[in-house]
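To start, the structure under review is shown below, and the notes come after it.
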Amino acid sequence: MRFHEEAARDDYDVVVIGSGLGGLVSAALLAREGRRVLVVERHDRAGGYAHAFRRRSYRFDSAVHLVSGCEPVPFEGGGFLHELLLGLGVRDRCDFVRVDPCYRVEWPGLTLDAPCELESFVEAHVERFPKQAKGIRGFVEDCLTIRGEANRAEGQVTPGPLAGPERFPLLLRHRRATLADVLADRVDDASARAALAALWPYLGLPPSRVSFLYFATMLMSYIADGAFYCRGTFQNLADALVASLQRDGGELLLRVPVRRIVVEHGRTTGVVLENGQRVSAPVVVSNADARQTALELTGSEHFPTRYVSRLRAAKPSNSAFVVYAATSLDLADADLGHETFLYPGADHEAAHESARSGVPNWLSITAPTRVDPSLAPPGEHLLVLTTLVNAAAAPSWRDAKDRWMDAMLAHAERRLPGLRDSLRFAEAGTPRTMERYTRNEDGAIYGFDVTPGQVGPGRIDNQTPLPGLFLAGHWTRPGGGVAGVVRSGVRTAGLVTATG
Ligand SMILES: Cc1cc2nc3c(=O)[nH]c(=O)nc-3n(C[C@H](O)[C@H](O)[C@H](O)COP(=O)(O)OP(=O)(O)OC[C@H]3O[C@@H](n4cnc5c(N)ncnc54)[C@H](O)[C@@H]3O)c2cc1C
């Protein structure tokens, strides 16, 4: 990859601020259309939260563990990433390895593997909770139906009520529902409800707060579409999008922050880079934090007061504390999933709250070397320990980091005896680390929280009220996670095209 200090030209058709996956998807699609596109990234590599890093002979994903939609499937809206990469001519640059079961959940008295196939997923839960068979089946059917309806609804880019509301009965019924609301309607047993909700950390909110619509879409994307790891790290996915961009004449400028978005005569006309270079473009797509885009890079005076108030009032998602470790433990006997969620019990609300009183009482262990041994030398495994936390949970992360890392390793050791003696490497990432590498406020991992009020039309739209300025990524529609930001990038490119 080439490192530039200045953009090759002073004018482009489109400038994209940030090379997270949402920004790169928009950039690659617009370059494919023949537009002259410049992507400006402040980090030294592309990808945002999809970037990977190397330590000694280990390769770690900084954040992403799994994605969906990497193979063609017979479900409405399925195989989305596969289709996109195919359309961009770079599908062969990503070798996606199928992960099945998608995840394992454990708490005292429960061990459950979640298979990546609809009927098997239902059966695994029914086998564990036979008296809840009808409710479990009904819940999964609701998830599948609402995912199809949500997919169709996202296709409507014009603002306002849904055209043909009769096509969206479940979506309209559950649009304000949380996951807990729908589970309570369908399933009587608290443990069965908790097992079905086990993937809540993937959206950062417990069942009582997460949007059912978004959770159902996310869960079904893995269960119906399949869960995948990108061999060689998810950096390869980001690099494939960069390759598409560059093949179509686009440029990527690394290690250069955008300092300011320029507004003239009531519309954006380009950006000023940190190095002082002024780059003109009638369209600016920001993949950066939405609040920073409007309030810091542009200036609140350029937006309607209502828009600014809405942005200020919107609630960002949690951040994460991550331990990146390498071990010589032989995981063959450890009976771990690709990702194993270790909860103290069936109370996800208490687990989510536990960070407030010290180190969280739960974590997930991801073992990417089980599907991709090339990430570590032979005989060693990578283990990524993740828990969710608000940046405010520690007054100083510099001071708290080692204590948290020790506590996470001690927690994992209870499940993997001998872990600490077999450690070859361990390093932690705090909310401040997440923020430092992506500039997401307080290290938010999914943009704005995906509560019922902050998804669908309740989410900040991809087209801002300022002519020429668009958003792509997890702060905007449809929302967080790789599947969300890839769709967001497609949606934004479509809006740019539609506006001429
Ligand atoms: C620990 C963790 C685990 C996760 N696991 C998963 C998972 O398993 N599966 C999944 O689907 N999702 C997962 N996610 C969520 C997912 O990674 C994100 O939602 C998604 O990658 C965000 O993409 P984005 O396009 O919004 O851009 P981001 O990744 O937020 O990137 C934004 C980019 O903009 C750049 N930027 C910001 N400001 C400027 C500026 N002024 N000038 C130039 N550049 C700028 C940043 O440097 C950054 O590169 C995880 C997130 C975290 C943190």
Side-chain angles (χ1 to χ4, degrees), residues 16-18 20 22-23 26 153-154 156-162 175-178 203-205 208-214 258-269 271-272 283-319 390-392 431 434-435 438-481 484-485 487-488 491-492 495-496 499:
V16 178
I17 306 171
S26 279
E154 275 304 324
Q156 177 179 317
V157 287
T158 48
L162 286 173
R175 68 187 187 283
R176 294 194 205 294
T178 62
L203 295 180
L205 286 173
S208 68
R209 294 186 40 214
V210 71
S211 150
F212 171 63
L213 164 65
Y214 211 79
V258 166
R259 187 196 297 165
R260 190 158 67 79
I261 294 172
V262 182
V263 181
E264 288 167 318
H265 311 297
R267 62 164 301 121
T268 47
T269 52
V271 298
V272 176
V283 171
V284 174
V285 173
S286 178
N287 179 219
D289 182 308
R291 278 211 275 244
Q292 286 165 31
T293 299
L295 309 181
E296 294 170 25
L297 293 176
T298 314
S300 58
E301 67 278 17
H302 298 296
F303 297 90
T305 319
R306 255 188 83 209
Y307 186 76
V308 172
S309 311
R310 218 180 133 203
L311 270 177
R312 288 195 204 279
K315 190 166 173 330
S317 63
N318 260 335
S319 188
N390 193 283
M434 308 293 153
E435 184 174 41
T438 63
R439 284 284 155 85
N440 284 297
E441 181 185 341
D442 285 338
I445 58 181
Y446 305 112
F448 291 119
D449 260 346
V450 284
T451 51
Q454 293 191 163
V455 298
R459 204 165 186 82
I460 297 294
D461 197 39
N462 311 58
Q463 185 160 13
T464 77
L466 180 64
L469 179 62
F470 297 81
L471 304 174
H474 58 186
W475 296 92
T476 183
R477 287 177 71 176
V485 303
R487 284 187 152 80
S488 159
R491 184 178 161 86
T492 302
L495 285 165
V496 170
T499 50

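Atom set for the values below is all heavy atoms of this structure, side chains included, hydrogens, waters and symmetry mates excluded.
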After noting the C-alpha distance and the side-chain angles of Asn462 and Thr492, does the key distance pass the side-chain hydrogen bond (donor to acceptor under 3.5 Å, both in side chains) rule?
-> CA-CA 6 Å; Asn462 311 58; Thr492 302; 3.1 Å; yes

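- Checking side-chain atoms of Arg459 against main-chain N and O of Gln454 turns up a donor-acceptor pair under 3.5 Å.
- To the nearest 0.5 Å, the span separating CD on Glu296 from CZ on Arg259 amounts to 14.5 Å.
- Across all non-hydrogen atoms, the minimal contact from Tyr214 to Ser211 is N-OG, 3.0 Å.
- Counting heavy atoms from C-beta outward, Phe470 and Val283 have side chains that approach closer than 4.5 Å.
- Here the straight-line distance linking atom CD of Gln463 with atom OG1 of Thr476 works out to 10.5 Å at 0.5 Å rounding.
- Remark: Ser286 engages Thr293 in a side-chain hydrogen bond (donor to acceptor under 3.5 Å, both in side chains) (not counting sequence neighbours).
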Under the side-chain contact (heavy atoms from CB on, under 4.5 Å) criterion, do Val272 and Val258 qualify, and how do the steps go?
-> CA-CA 6 Å; Val272 176; Val258 166; over 6 Å; no

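- Going from atom CD1 of Ile460 over to atom CG of Leu471 covers 8.0 Å, rounded to the nearest 0.5 Å.
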Candidate pair Asp289 and Arg439, rule salt bridge (Lys or Arg N to Asp or Glu O under 4.0 Å), full reasoning | CA-CA 7 Å; Asp289 182 308; Arg439 284 284 155 85; over 6 Å; no

Report the C-alpha distance between Leu295 and Arg312 in whole Å, list the side-chain angles of each, state the deciding distance to 0.1 Å, and finish with yes or no for side-chain contact (heavy atoms from CB on, under 4.5 Å).
-> CA-CA 9 Å; Leu295 309 181; Arg312 288 195 204 279; 3.7 Å; yes

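- The two residues Val285 and Val496 make their nearest non-hydrogen contact at CG2-CG2, 4.2 Å.
- Contact annotation: the side chain of Thr178 approaches that of Pro452 to within less than 4.5 Å [non-hydrogen atoms, C-beta and beyond].
- In this structure, the side chain of Thr268 engages the main chain of Pro467 through a donor-acceptor pair within 3.5 Å.
- Side-chain contact between Val271 and Val262 is absent, with no heavy-atom pair separated by less than 4.5 Å.
- Considering every non-hydrogen atom in both Asp449 and Arg209, the closest pair reads OD2-NH2, 3.6 Å.
- Using a 3.5 Å distance cut-off with no hydrogens or angles, the side chains of Trp475 and Asn440 do pair a donor with an acceptor.
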Begin from the C-alpha positions of Phe303 and Leu469 and carry the test side-chain contact (heavy atoms from CB on, under 4.5 Å) through to its verdict.
-> CA-CA 11 Å; Phe303 297 90; Leu469 179 62; 3.8 Å; yes

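- Ion pairing between Arg491 and Asp461 holds under the 4.0 Å rule for side-chain N and carboxylate O.
- Remark: Thr305 OG1 to Arg310 CZ distance equals 14.0 Å, nearest 0.5 Å.
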Let me see the working for Val263 and Thr269 under side-chain contact (heavy atoms from CB on, under 4.5 Å), right down to the final yes or no.
-> CA-CA 6 Å; Val263 181; Thr269 52; over 6 Å; no

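- There is no side-chain donor-acceptor pair under 3.5 Å between Ser319 and Asp442.
- Separation of atoms OG (Ser300) and CZ (Arg291) is listed at 13.0 Å; rounding is to 0.5 Å.
- Heavy atoms only, all atoms of each residue included: Ser488 and Pro478 are closest at N-CD, 3.7 Å.
- Rounding to the nearest 0.5 angstrom, the gap separating the NE2 atom in His302 from the CD1 atom in Ile261 is 10.0 Å.
- At least one donor-acceptor pair under 3.5 Å links the side chain of Asn287 to the backbone N or O of Ala472.
- Of all heavy-atom pairs spanning Pro465 and Pro304, the tightest one is CB-CD, 3.7 Å.
- The shortest heavy-atom contact between Phe448 and Ala290 is CE1-CB, 4.1 Å.
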